[in-house]
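A short worksheet on the structure shown next.
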Amino acid sequence: MSAKTINILVVLLLIILSLAIFANSMMKAPGRDEQMYCTGGALLSQGKMIYRDFSYVAQLPYHPLLYAALFKILNTNYYLLVGRLVSVACDILVMLCIVGIYRHIFGKFKICGILLGAAGAVLYVLNPLVDYANGYAWNHDVVILCVMLSFWLFISTDFKQKSRWWRIAAIGGLLTLATCMRITTALVEMLFFAVLLSRPAESIKERFKTALLFLTATGIVLIWPIWVMASSGRAFFLNLFWIPMLYGKWLHEVGMVHNKLRLISDAFKTLDYFILVALTIYLCFMMVWQRRKLAKIGGRNLLLAVLLVLVFFFIALIPPTMWKQYLAMPVPFIVIGLAYPLLYIKQLADKARDDKQFKIAAVVVSVCVFVAVLSYPVVLYRTAVLFCPEGWVPIQVHKISQDIAEKTQEPKKILTLAPLFALEGGCDIYTELSCGSIVYRIGDRLSAWNRDIAHTVGSRTLAELLEKEPPSAVIVNVEMQFLEEHLIKTAVKPDWERIVYQSGPVVYFRR
């Protein structure tokens with residue numbers, strides 16, 4: 001088969017996988033965290049200041065700023081759709097990065113690199129945990145892309161060329177951007193900084209310049225977040241530390257948490273994760289068995305790939321509560337880490353002029369891909385929904401929101417724990433509930449002073465808020481019933497009209 005034919009087939013495969021990524025995002029029901037992320041972007045686009053004017057919990061502010069910029073540029077109130085399209089674009093780019101990284105690592109073995117990169121893309125996209133975590137309008141996908149691009153920049157940099165300086169600065173900027181979207185990514189940034197400084201240097205001056213460029217890029221990206229922190233004062237501390245601590249405590253009290261070790265064990269027991277682990281063990285065994293020096297294939301790059309996987313597993317363990325989507329983050333880095341032992345086996349085969357071991361490894365990878373496709377084919381079946389845009393979840397949410405807005409009387413102030421259903425229709429929300437149920441759950445555990453600073457409310461203080469500004473409508477059936485009961489009791493009157501939307505919310509309209 002010619003190289004041109006292989007390239008065409010790989011491009012077709014990547015198109016199919018891209019469509020699968022798109023379909024996955026369009027079919028997911030609205031998530032609780034999406035309410036906070038998209039609402040944060042919408043309120044920023046309206047001129048409000050994050051933390052100071054509304055709550056944005058546990059994360060730094062660049063992700064809602066990205067959304068706000070897009071909402072402004074596109075002049076749209078399809079907030080959920082735009083947020084999810086950002087994630088789709090990031091996921092497709094991560095997949096393309098996997099193929100590009102394999103191609104770069106394999107160097108002169110170009111065709112092998114492209115084919116194995118395509119196999120890695122399949123193992124990434126068809127992993128059930130990745131499929132579960134990707135595609136939501138949250139900060140997971142863009143953070144992975146920033147780290148993946150940083151890794152590609154690092155391994156492709158010739159540290160003897162002048163171009164290394166802008167690449168070092170780019171790595172620092174990308175990783176700081178990721179950290180200011182998901183704060184735990186700071187550990188990844190520190191890892192890259194340490195690896196860059198540990199590289200052989202001609203002089204102390206060169207090492208100092210490396211550190212200076214990395215930190216300068218970091219400082220430039222940090223200017224706006226630092227200004228936001230300074231402007232917000234205590235509200236920043238409450239949102240980033242105090243409220244998440246109280247929320248984690250509440251989750252433990254009500255039993256809505258997973259045992260971390262059991263969650264990891266369950267993930268490893270799934271067939272697709274087991275395939276990755278088994279493939280990693282097999283390739284590591286092959287490397288040890290051959291007893292060659294790793295430096296010949298870029299030992300430092302391989303070490304960085306391995307450490308990235310370990311750091312992302314450690315990051316998953318940091319929060320007081322752990323969710324299974326956290327275990328999706330190491331997957332793309334496990335996939336790219338496999339490129340080095342595969343290259344190692346290929347180099348040995350080329351040197352000995354005996355492709356037997358490499359052919360065996362290629363067959364093992366092919367079997368893993370085949371098993372991944374058979375074990376989770378729904379990823380590919382789902383692409384049929386792309387032909388029915390009216391069935392896409394973000395489109396349905398927008399249609400319902402528009403209908404709610406038409407039926408809502410002035411001043412169109414809506415009480416809900418799912419603010420997107422109000423905002424997408426052009427209605428107002430109570431900024432005290434901008435994070436949906438996340439802060440509302442523990443709002444009463446904050447002192448009155450802290451509630452005022454954080455602009456939040458709890459079930460016991462809700463009536464006081466509604467007394468000042470009565471709602472025109474109440475949207476429920478979007479959260480757990482015990483959280484919404486108090487909204488109905490406090491705000492809804494007997495003569496209000498009740499409308500049930502199919503596969504959607506229940507809305508009470510003031511007559």
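Just so you know, these numbers come straight off a predicted model, no measurement behind them. The first residue in the sequence is number 1, and the count goes up from there.
Using a 4.5 Å heavy-atom threshold, the side chains of Y56 and H63 count as touching. Using a 4.5 Å heavy-atom threshold, the side chains of D33 and Y136 count as separate. Using a 4.5 Å heavy-atom cutoff, the side chains of L386 and W392 are in contact. Using a 4.5 Å heavy-atom cutoff, the side chains of L187 and L191 are not in contact. With a 4.5 Å cut-off on side-chain heavy atoms, H398 and L81 do not count as touching. Y79 has its side chain within reach of L423: a pair of non-hydrogen atoms, C-beta onward, lies under 4.5 Å apart. The side-chain heavy atoms of F154 and I168, taken from C-beta on, include no pair separated by under 4.5 Å. For the pair F274/K269, no side-chain contact is recorded, criterion being any heavy-atom separation below 4.5 Å from C-beta on.
Atom CG in L276 sits 5.5 Å away from atom CG in L123 (nearest 0.5 Å). The CG atom of L145 lies 10.0 Å from the CG atom of L177; values are rounded to the nearest 0.5 Å. Interatomic distance, L65 CG to W224 CH2, rounded to the nearest 0.5 Å: 4.0 Å. Between atom OG of residue S45 and atom CG of residue L74 there is a gap of 11.0 Å, rounded to the nearest 0.5 Å. Within the model, atoms CG of N301 and OG of S156 stand 9.5 Å from one another, a figure rounded to the nearest 0.5 Å. Rounding to the nearest 0.5 Å places OG of S198 at 4.5 Å from CZ of R300.
Summarising the geometry of L222 relative to C180, their closest heavy-atom pair is CD2-SG, 3.6 Å, with the distance given to 0.1 Å. Between A361 and I345, the closest heavy-atom pair is CB-CD1, 4.2 Å. When all heavy atoms of V86 and L66 are compared, the closest pair comes out as CG1-CD2, 4.0 Å. The minimum heavy-atom distance between F193 and F214, with the atom names listed, is CD1-CD2, 3.4 Å. Summarising the geometry of P394 relative to M26, their closest heavy-atom pair is CD-O, 3.8 Å, with the distance given to 0.1 Å. Taking all atoms of both residues into account, the shortest heavy-atom contact from I98 to P332 is CD1-CB, 4.5 Å.
The environment of N259 atom CG is dense: over 12 non-hydrogen atoms of other residues, nucleotides or ligands sit within 6.0 angstrom. The 12-atom threshold is exceeded at OH of Y376, counting heavy atoms of other residues, nucleotides or ligands nearer than 6.0 Å. Counting non-hydrogen atoms of neighbouring residues, nucleotides and ligands closer than 6.0 angstrom, the OH atom of Y78 reaches no more than 12 such neighbours. No more than 12 heavy-atom neighbours from other residues, nucleotides or ligands sit within 6.0 angstrom of CZ on F370. More than 12 heavy atoms of other shown residues, nucleotides or ligands fall within 6.0 angstrom of atom CG in L12.
The stretch residues 376-397 participates, sequence neighbours left out, in these salt bridge (Lys or Arg N to Asp or Glu O under 4.0 Å) pairs: D131-R382. Within the structure, the side chain to side chain donor-acceptor pair (under 3.5 Å) test picks out the following pairs touching residues 85-113 (sequence neighbours left out): S87-D141, D91-N134.
Residues E34 and R84 are paired through a salt bridge, judged by an N-O separation under 4.0 Å between the basic side chain and the carboxylate.
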- Message: The test is side-chain contact (heavy atoms from CB on, under 4.5 Å); show your working for I144 and H140 and say whether it passes.
- Response: CA-CA 7 Å; I144 292 295; H140 170 102; 4.2 Å; yes
- Task: Output, in order, the C-alpha distance, side-chain angles, deciding distance and verdict of salt bridge (Lys or Arg N to Asp or Glu O under 4.0 Å) for E479 and R441.
- Result: CA-CA 11 Å; E479 263 292 349; R441 293 173 175 184; 3.7 Å; yes
- Task: Please lay out, stage by stage, how I334 and T280 fare under the test side-chain contact (heavy atoms from CB on, under 4.5 Å).
- Result: CA-CA 8 Å; I334 295 174; T280 302; 3.8 Å; yes
- Starting from the C-alpha separation in whole Å, work towards a yes-or-no answer on side-chain contact (heavy atoms from CB on, under 4.5 Å) for F151 and I336. CA-CA 10 Å; F151 180 80; I336 60 174; 3.6 Å; yes
- Task: Show your reasoning for whether side-chain contact (heavy atoms from CB on, under 4.5 Å) applies to T179 and T184.
- Result: CA-CA 7 Å; T179 299; T184 49; over 6 Å; no
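For T218 and T176, the side-chain atoms include at least one donor-acceptor pair closer than 3.5 Å. Using modelled atom types, one finds no donor on one side chain facing an acceptor on the other under 3.5 Å when comparing T210 with R164.
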With a 3.5 Å cut-off and sequence neighbours excluded, list the donor-acceptor pairs that the side chains of residues 306-330 form with protein atoms.
none

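Distance alone, capped at 3.5 Å, is enough to place a donor-acceptor pair between the S203 side chain and the E206 backbone. Remark: side-chain polar atoms of S25 are not paired, donor with acceptor, to backbone N or O of F22 under 3.5 angstrom. No side-chain donor-acceptor contact under 3.5 Å links S401 to the backbone of E424. Counting only distance, with no hydrogens or angles, the side chain of T383 and the backbone of L380 share a donor-acceptor pair below 3.5 Å. For the pair Q35 (side chain) and C435 (backbone), a donor-acceptor distance under 3.5 Å is absent. A side-chain donor-acceptor contact under 3.5 Å links T157 to the backbone of L153.
Note on ring orientation: taking the six-membered ring where Trp is involved, the planes of W250 and Y247 are parallel (angle under 30°, cut-offs 30° and 60°).
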